**Student:** 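After the structure tokens below, expect a handful of questions from me.
Just so we're on the same page: letters track the sequence lines, and every chain starts at 1. Since the model is a prediction, treat every value here as computed from it, not as a measurement.
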4 protein chains.
Amino acid sequence: MGKCHALAWNAVGPTFGDTPAIRLVHLAEVDADLARTRADAFGFEKATGNWRDLLADPEVEVISVTTPNAFHPEMAIAALEAGKHVWCEKPMAPKFEDALQMRDVARASGRIAALGYNYIQNPMIRQIADLLAQGAIGRVTHIRAEMDEDFMADPEEVFYWKHDANSGYGALDDFAVHPLSLITTLFGPLDRVTTDMARPYPDRLTSEGDRRPVETHDIANVLFRMKDGASGVLMANRSAWGRKGRIALQIYGSAGSITYDQERMNEVEVYRAGGDAAEAGYTRLLAGPAHPIYGQFVPAPGHGLGFNDLKVIECCELLNAIHGRPAHLIDFEKGIEIERSVHKMAEAYEAQSWVSVT
Amino acid sequence: MGKCHALAWNAVGPTFGDTPAIRLVHLAEVDADLARTRADAFGFEKATGNWRDLLADPEVEVISVTTPNAFHPEMAIAALEAGKHVWCEKPMAPKFEDALQMRDVARASGRIAALGYNYIQNPMIRQIADLLAQGAIGRVTHIRAEMDEDFMADPEEVFYWKHDANSGYGALDDFAVHPLSLITTLFGPLDRVTTDMARPYPDRLTSEGDRRPVETHDIANVLFRMKDGASGVLMANRSAWGRKGRIALQIYGSAGSITYDQERMNEVEVYRAGGDAAEAGYTRLLAGPAHPIYGQFVPAPGHGLGFNDLKVIECCELLNAIHGRPAHLIDFEKGIEIERSVHKMAEAYEAQSWVSVT
Amino acid sequence: MGKCHALAWNAVGPTFGDTPAIRLVHLAEVDADLARTRADAFGFEKATGNWRDLLADPEVEVISVTTPNAFHPEMAIAALEAGKHVWCEKPMAPKFEDALQMRDVARASGRIAALGYNYIQNPMIRQIADLLAQGAIGRVTHIRAEMDEDFMADPEEVFYWKHDANSGYGALDDFAVHPLSLITTLFGPLDRVTTDMARPYPDRLTSEGDRRPVETHDIANVLFRMKDGASGVLMANRSAWGRKGRIALQIYGSAGSITYDQERMNEVEVYRAGGDAAEAGYTRLLAGPAHPIYGQFVPAPGHGLGFNDLKVIECCELLNAIHGRPAHLIDFEKGIEIERSVHKMAEAYEAQSWVSVT
Amino acid sequence: MGKCHALAWNAVGPTFGDTPAIRLVHLAEVDADLARTRADAFGFEKATGNWRDLLADPEVEVISVTTPNAFHPEMAIAALEAGKHVWCEKPMAPKFEDALQMRDVARASGRIAALGYNYIQNPMIRQIADLLAQGAIGRVTHIRAEMDEDFMADPEEVFYWKHDANSGYGALDDFAVHPLSLITTLFGPLDRVTTDMARPYPDRLTSEGDRRPVETHDIANVLFRMKDGASGVLMANRSAWGRKGRIALQIYGSAGSITYDQERMNEVEVYRAGGDAAEAGYTRLLAGPAHPIYGQFVPAPGHGLGFNDLKVIECCELLNAIHGRPAHLIDFEKGIEIERSVHKMAEAYEAQSWVSVT
């Protein structure tokens, strides 16, 4: 993720043209040698084995925090308190209290505190937002969101930290936050939820050769309602053989529907009710310069953006925010709403009943 | 549906070759003229405006019951008591007590009492069953089933009987029984469920010009668990613009996954874990004579079966059952399990909590 | 194919309702016992081991000719001369002179002489015709048609009669006639062609264990022009591993384009130029009652017709023709145009140059 | 395209890590002000309105030539003669003599002279190459390549320079060179060709309001043979409504087949013959770190590369070449083979007959 940020910082200027000049000033790593190597590769001027050096560096204006989640609160808070803008990877923090504190410090600092929810930056997700805003599918009545990968699908893989309860709930906070970022960006906050979580493999071999119970849940299924009564289902499975980066949306409205799958991130399908039934059907949109932002990358349609391009857009939005322009970002304020939802979903699982999110 | 049965009765002999000779003896309709017209079109010898004439006709051995659901109990029970085999459309009955009575009468009669759950007859669903039986995807850990159509998606359509509480729960019994027939056929009975149901349009215009509250739910979302702990989600929406006959399955196992969509009923996708990661991916199977039964219809692969062909297979299975051969059918015994699940799902919605199905 | 006709004769009445009553009178096979078995299975009254008995049977009005191609001329001509209508499988005859004679006899007889080009009967092909007639994609400028199967793809399969020059040219007449039937139905006759034909496997093992040169061509590639100057490419490959029943069309016009693949015979994709570029894309139509004829089979959309249903439609069109109604059929007159095109394509291959088709 | 090169030069270091440090030294544009603006946006140190200043700049080691095709020969030759390495956009030159001279100068210079055929850099194209090398589909027997876009599909667009004969042949050299780069990279040189070219719109409105004949051909269809006898078809259409960046390959072999479409550039489909027919089908590979190079961009599978990433890979290969490492590139030597093929195809069209390419 550090590399992904570095690529974005390098590309944002040439891509968007009208951004301020970017200087890659100072890179911190766990030790000084690694920091120097990475700084050279990524084009940073200075390197350090002590991340606090960045706080003290007056040339540093923005700090990317791309460390494991557990370090986010300390680092993001320190950076904000040192007067730096912060670009922190999601989720904010394993514990909700820490996330709340991060939000409070950000508020008090007056600095920009942005989170790395890159999928919302996809031009095709923005196209969906435009379609919804135009009323292309009417009032939204039903939403389904699925996130599936197979990096924990192999029952023979040994127990590691993501199976430990200290890592969090499992699929819910590990990656259901991504489809949740799309849902809240497109439709606003959830109202209430009920949750099931499951362990496809109750125990796993340890590296010592014995078996240890798995404490997190690779599967999370959530029924939800939006404030306006629209119903929805959120499903996340990190043991889903065959799925590699699936974030699938189905959005049904009173006048049509929209589908999307991150594995084909340059496509959106739209069905509009009305007209001749013989010609009704899903229309597959292929990303092009007619869609938001795409044209900054390629002037011709159908040429395809990639995952890393989303981070370049996010970086541009961060710069927009810093310069007081309107910015399409999930900041710590909005991030709190996502994390609150996740914790309420876990609470609903514990309670085996519906729980209000607000 | 009457026509669909008639087509199946006409086709089953030529298609399978080894069935007994079929005579289309007697057709009942609401009035004698219509019965005569249909009998001529469908190739029946006799016609009547009184369905009880079929009970008394000694030449009739099997009776197709394709009337609206509310008539199923009376007719099916009368037919069984008259010593006829019965081929009754699903669901058995709006009320569970009536379904139970139908089951009891069927048991006592010693006759075959089959239900019209045609989707389980698709050769590609049987291929899925074969793959599961071979362990192609290992132990099943997670199941998702979706059924979506858009025949109630238009908010401007007027209130009609399916919006009335007397018609049942809505999407749940109206058509979630179809994916449920697939789930129970492939995996066995559900263990426990929790349910949300929603009304995308709370009221509708009546033909008199005023608005009337909709009493049924077009949307049903169910979290479920199987007896072995596998988790699942069942979603049904009859107001899903753009979906025409979608019954989509995702089956995840410890060694692979399988996907299916009834709108492309001649295809199944299979992912098998293991082997070279560079060559792993979903393999799309296209129906052909290597799959069960298909070769009875077309000798060459890739030529496509249609919906009506499923009914011909069902008819053949009914004949198998009547002749004491192994038969792949949902009879009244298994039908009770499906309908029990549906009623428990509705109960879970009322209770807003998990309910045991057994 | 005989079974396919039998199924169609059984189904046409119940499906369309308004057809005349069909009696399956007399079935001929190579020997009397087989004929009797098949007659019983397919619902025919009489059976014979001598096909000429059908000519003499005054109860027979229409004769299905489903024998190997080499028998078509003799049988079809005899049937027409005996005053019977004829439903003959394609192609008409291995030799063009024979096909011409069949055409001449049909003309003189005043009987209906129809060919089994079933793919043109697909409601979705008719929907394409409707779209073209409406000008949905403007003037057609470019056409691509591909037909691919893999029944000859295995290099280890032994030499058999389709590898012998007596069987014809190979892919060209063996199955390029199918996409050609679609092209001529949708766009009219070809004007000129140039052809390449290839043998992926120059020789094959014989059942005697030696190797014998393959004399036919499994692959045929044709560049063509229509009379109005539209350009096209026709490709046929019966050694195309992975393709099972592919007949793919791409139709480009001045205002849009249409694509189709027989392996997904219930779908058509349409692109219409104009409007907001952000919402332009291919719209996928899924067969339903809004499309021609489909509603005769299933009242709900998205339920899928199958290959055998196309033959039922063809049978209905034959009955239409016999009863003097407008009929959508390829008769011997139109069949001659298709076969002339094929022979001209072969001639172009021999000449290694462009050849006029007319 | 200049921007695309600039993005690649900025990204290549951070992406690959082990490249030499890149300095963006000197940018030339048509005037000095524009040059300065672009230099700032793209991160170049110096800017000039006179491209020859780059030749004289001793700090410049490599020159990107991204001007219109007509300028390629003069600039590339001057750069090579000034001792610079050259990265020139394709095609080399409108006239084959000029391309030959470029090749000769490159040979004499000892410098690297690379062409911008970026599609060959796609990891999934390399995966296809790997599969072919492993014999995954056996001996290749048949190839189809299609390139379609719709930027000239609108008949109402006015005449512009691409309709003028001075711009070249049309679709053939304008973009059929792209699929040709894939064909020659994967399979080697063509042996002989025959060609049809067509003008969907024979004349176009000029900006003066009259109509002028179109002199180039938007459509090109080529039958070809490889040296080993494999047959192929190449189709290019820049008036193909609905197609945005389609480069579709179908590769048939004696043991399987492979399909690809640039509009879904992160996917490849592979069919392998053999095994259980019930489980045979196309397997869809989704780009991931198991495929070549992908892992340099994203560590997780299924996250998608974009068009601009291909240019970063190309840039890395250029650096490999400059540093004497093995490099996967189309240099001026190989570029000549592509351009010779194009000119022979045009010659075949003029001759209306087959022409040898070698």
**Student:** For chain C, which candidate among B/F151, B/F42, B/F16 shows the most heavy-atom pairs at distances under 4.5 Å?
**Tutor:** B/F42

**Student:** Could you pull out the closest heavy-atom pair between B/A11 and C/L7, with the gap in Å?
**Tutor:** O-CD2, 3.9 Å

**Student:** Please classify the contact of B/Y119 with chain C as side chain, backbone, both or neither, using a heavy-atom distance under 4.5 Å.
**Tutor:** side chain

**Student:** What residue in B/G304, B/A41, B/G245, B/A21 has the most heavy-atom pairs under 4.5 Å with chain C?
**Tutor:** B/A41

**Student:** If you take all heavy atoms of C/D309 and B/G306, which pair is closest and at what distance?
**Tutor:** OD2-CA, 4.5 Å

**Student:** Indicate yes or no for a side-chain donor-acceptor contact from C/K3 to the backbone of B/T15 under 3.5 Å, with no hydrogens or angles considered.
**Tutor:** yes

**Student:** Once rounded to the nearest 0.5 Å, what's the spacing between atom CD of C/E267 and atom CZ of B/R264?
**Tutor:** 4.0 Å

**Student:** Is it the backbone or the side chain of C/N10 that comes under 4.5 Å from a heavy atom of chain B, or both, or neither?
**Tutor:** both

**Student:** Are more than 12 heavy atoms, taken from residues, nucleotides or ligands other than B/Y160, located less than 6.0 Å from that residue's OH atom?
**Tutor:** yes

**Student:** Shortest non-hydrogen contact from C/H303 to B/F307?
**Tutor:** O-CB, 2.9 Å

**Student:** Go through the atoms of C/L305 and report whether side chain, backbone, both or neither lie under 4.5 Å from a heavy atom of chain B.
**Tutor:** backbone

**Student:** Can you confirm whether more than 12 heavy atoms, excluding those of B/E61, are under 6.0 Å from its CD atom?
**Tutor:** no

**Student:** State, to 0.1 Å, how close B/N308 and C/F297 come at their nearest heavy-atom pair, and which atoms those are.
**Tutor:** ND2-O, 3.1 Å

